[in-house]
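Each remark here refers to the structure printed beneath this line.
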Amino acid sequence: MNNIKIAITLLCSMLWVAFAQGQSIQRAEPLHWWVGMHNPELQIVLYGSDIGDCEVKLPKAGMQLKKVQQVENSNYLFLDVEILGNAQAGTYPIELYKKGKKVLTRDYVLKDRDKNLVKAQGVNAADLIYLIMPDRFANGDPSNDSVKGLRETAVNRDSMYYRHGGDLQGIINNLDYLEDLGVTALWMTPVLTNDMPQASYHGYANTENYEIDPRFGTVDTYRELGKELHKRDMKLVHDVVPNHVGLHHWTVIDRPSSDWLHEWDTFTQTTYKDQTMFDPYGTQADKDLMEKGWFVRTMPDLNHQNEKMQKYITQSHIWWIEEAGVDGFRIDTYPYNDLAFMGQWTDAIRSEYPNFSFFGETWVSSVPNQAYFLGGKKVGQDVDTNLEGVTDFQLTYAIGDALNLEKDGANRLYSTLSGDYLYPNPLANVIFLDNHDKDRFFSTVGEDLEKYKSAFSWLLTYRGIPQMYYGAEILMKNFSRPDGLVRDDFKGGFPGDEVNKFTAEGRTESENDMFNHVRTLAQYRKQTAALQDGKLLHYVPQNDVYVYFRYNEKQKVMVVMNCNDEQQDVALARFDEGIGQSRQMRNILTDESLDLPESIALKSKQTLVFELK
């Protein structure tokens, strides 16, 4: 009998060994966390073969297990834990048991928060944002151009649809150029791993939440970029995509549960009809199609009603702030998200970082449409998104009309801005001429240099946070359709380039003229509080001439924009309310000072910027 018992015991031990050898915890996300966070609660996602029925123990004091959540997929466990106040930085084992026997252990790391890391400063109207597509700006490390094991390995700079080799190191190498230009904040299109078989360069279909795309660099490279920006008193804007992921995201390939994504019987694409989200007469079915339909076939729509998904998204975004020193978020495809969740998401991040800032992409058709997605419930929203700023597409359309329409173009700017009463804080809106999805503005104005200078004079003196697209300062051009040429390379950023546009010597006379125009205004704006958070006063346009003032108690700037095809002599007597007691003026672009004249002569499509004294 004793021999039988011994044999059974040995057999059971061998079976447990075999079981354990066939199992592993392949993932634990977040990759690590920190002690001393405002919110002590943490959701740890464990992923491994058939671990779903395991018991879990956290034997080390400091990290307390509150709840183990099992899901449909037996390869997942969701652990709700609390980081206790007495927790110390170090390694915390997570032990998995079956039938009372320990079968797996995964060490989890809690870190001390880096008190020397600058982070969460927020981006505001004192900033000038420079938007870069990392793959197209500069290649600082050719060794990572192609990475084996990823679905796309081709590198071909002759095509807009393949990768070109730009990376984070290339951006770090050219930060002095951006600082000299007057840039104070850097926004890059997403830099997380985008392991998709086609067009992976743009980043908007991430397949990992805690990993920098290895073709761009590493988490350490990204952290170094943040440090180098902060050394120069510049900020890091992180592009987040809470609405969707790439089709090859690991949680899509092996879904935790049937409600992880918005699933349909057949492929169902969003209608792109943002109006359904606020239409008082709309149907719930139309709202569901807008919010729950997939953006495109390769971008599955995440289910924001799933509480585990909510935590997964929120924690991953907090992780990048704490890990890399991020200062603000640009939020992709904002209207397609569940707005109630977005309000909670914003609150969770602000509870950790009170000065953190957000602006959401709202590619919509009117001022009221934009205003609806902002926080404050100023226009009768059902929920408060707590969002402070949007990408102001309406002013983008208006400045294009102002410079291109044969008549009454100036009134488009005036009329659009007059709708600012709908915004909780108009200064938080991001204004721009173009971006990675739109025609380059130099082409929009027919490569007319005077019009283009006027556009930048407007951009850098109007209300809100100005954003410019890489290469705009050196007359990069082209249209977004049909060939996506708005995403061309910045010449000089890649090995073998015949010219280097990062230097004055490599630029043409016209390119230097434009570069100096932007630089002069951008550097002036950095020193002029009236152009940052000052008040704005504008006049109804006459003869297609638009005049506005930016001012505070100590400074006053007057901008005169001639949107007419003819030269205009603009009498100043009409603008007494704006001019006030000023008797002298300085032309910011020429540095010429003069006594206040009775009138000003402007060439066709010219804009002048004056400091009044």
Side-chain angles (χ1 to χ4, degrees), residues 23-30 41-56 66-81 96 98 151 192-197 204-210 240-272 276-277 283-317 332-333 335-342 344-345 348 383:
Q23 280 193 312
S24 65
I25 300 176
Q26 298 170 25
R27 289 176 179 266
E29 292 189 355
E41 297 178 356
L42 178 66
Q43 172 185 272
I44 300 175
V45 182
L46 297 183
Y47 179 76
S49 177
D50 199 30
I51 63 171
D53 61 349
C54 288
E55 298 177 54
V56 181
K66 307 293 288 187
K67 186 178 182 180
V68 178
Q69 298 196 61
Q70 298 173 331
V71 290
E72 296 169 39
N73 188 334
S74 64
N75 295 333
Y76 285 86
L77 282 173
F78 289 78
L79 312 183
D80 293 334
V81 305
L96 270 60
K98 282 202 174 186
R151 290 178 173 85
L192 302 187
T193 295
N194 202 90
D195 189 11
M196 298 290 286
Y204 286 103
N206 69 284
T207 53
E208 295 286 346
N209 282 57
Y210 294 93
V240 295
V241 192
N243 179 68
H244 54 262
V245 292
L247 192 61
H248 296 285
H249 191 281
W250 70 276
T251 66
V252 174
I253 293 173
D254 192 19
R255 294 163 172 71
S257 58
S258 58
D259 64 347
W260 190 250
L261 307 174
H262 285 135
E263 302 273 21
W264 303 77
D265 292 338
T266 59
F267 171 71
T268 301
Q269 195 164 6
T270 177
T271 59
Y272 308 103
T276 61
M277 306 308 292
T283 67
Q284 186 61 48
D286 283 338
K287 291 181 180 181
D288 286 347
L289 283 171
M290 162 64 187
E291 192 260 307
K292 299 178 181 179
W294 289 22
F295 201 71
V296 294
R297 284 184 178 274
T298 56
M299 298 178 181
D301 198 77
L302 302 178
N303 180 10
H304 293 160
Q305 288 79 37
N306 182 314
E307 291 186 3
K308 300 177 188 64
M309 170 64 77
Q310 292 175 359
K311 292 179 181 178
Y312 184 73
I313 294 172
T314 303
Q315 289 179 170
S316 71
H317 295 152
D332 185 60
T333 53
Y336 303 86
N337 293 279
D338 179 85
L339 299 184
F341 165 63
M342 293 310 292
Q344 299 166 14
W345 173 83
V383 299

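Numbering of residues begins at 1 and proceeds along the displayed sequence.
- A heavy-atom distance below 4.5 Å is not found between the side chains of Gln315 and Asn209.
- Every pair passing salt bridge (charged side-chain N to carboxylate O under 4.0 Å, His left out) that includes a residue from residues 305-314 is listed here, sequence neighbours excluded: Asp80-Lys311.
- For residues 287-300, every residue pair satisfying the side-chain hydrogen bond (donor to acceptor under 3.5 Å, both in side chains) rule, not counting sequence neighbours, is listed here: Gln284-Asp288.
- Counting only heavy atoms from C-beta outward, the side chains of Asp332 and Asn243 never approach each other to under 4.5 Å.
- Between Asn194 and Tyr204, the shortest heavy-atom contact is OD1-N, 3.6 Å.
- Between Met342 atom CE and Tyr336 atom OH the span is 14.0 Å, to the nearest 0.5 Å.
- Checking His244 against Asp301 by side-chain atom types alone, no donor-acceptor pair falls below 3.5 Å.
- Side-chain contact, Asn306 with Asp259: a donor N or O sits under 3.5 Å from an acceptor N or O.
- Within the 4.5 Å cutoff, the side chain of Arg255 has no heavy atoms near those of the Asn73 side chain.
- Between the Tyr76 side chain and the Asp254 main chain, a donor and an acceptor come within less than 3.5 Å of each other.
- Salt bridge present: Arg27 and Glu208 bring a charged side-chain N and a carboxylate O closer than 4.0 Å.
- With respect to the salt-bridge test (charged N to carboxylate O, under 4.0 angstrom), the residues Lys66 and Glu41 do not qualify.
- In this structure, CD1 on Ile25 lies 10.5 Å from CD1 on Ile44, to the nearest 0.5 angstrom.
- Between the CE atom in Met309 and the NE2 atom in His304 there is a gap of 7.0 Å [rounded to 0.5 Å].
- When only modelled atom types and interatomic distance are considered, Tyr47 and Glu29 share no side-chain donor-acceptor pair under 3.5 Å.
- In the model, Glu72 has a side-chain atom that pairs as donor or acceptor with a side-chain atom of Ser258 under 3.5 Å.
- Between Asp195 and Trp250, every side-chain heavy-atom pair lies at or beyond the 4.5 Å cut-off.
- Of all heavy-atom pairs between Pro300 and Gly246, the closest is CD-C, 3.7 Å.
- Under the 3.5 Å distance criterion, the side-chain polar atoms of Tyr210 are left unmatched by any main-chain donor or acceptor of Leu192.
- Counting only heavy atoms from C-beta outward, the side chains of Ile313 and Phe341 approach each other to under 4.5 Å.
- His317 and Trp345 share a donor-acceptor pair across their side chains, judged by distance under 3.5 Å alone.
- For the atom pair NE2 of His248 and CG of Asn206, the computed distance is 13.0 Å after rounding to the nearest 0.5 Å.
- Here Lys98 pairs with Asp50 in a salt bridge; the nearest charged N to carboxylate O distance falls below 4.0 Å.
- Of the inter-residue distances, the one linking Leu302 atom CG with Asn337 atom CG reads 8.5 Å to the nearest 0.5 angstrom.
- Looking at heavy atoms from C-beta onward, Leu46 lies in side-chain contact with Leu79 at the 4.5 angstrom threshold.
- Atom OG1 of Thr270 and atom NE2 of His262 lie 11.5 Å apart (nearest 0.5 Å).
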Determine whether Val56 and Leu96 satisfy the following criterion, side-chain contact (heavy atoms from CB on, under 4.5 Å), listing intermediate values before the conclusion.
CA-CA 5 Å; Val56 181; Leu96 270 60; 4.3 Å; yes
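- Here the closest heavy-atom approach between residue Thr276 and residue Asp286 is recorded as OG1-O, 3.8 Å.
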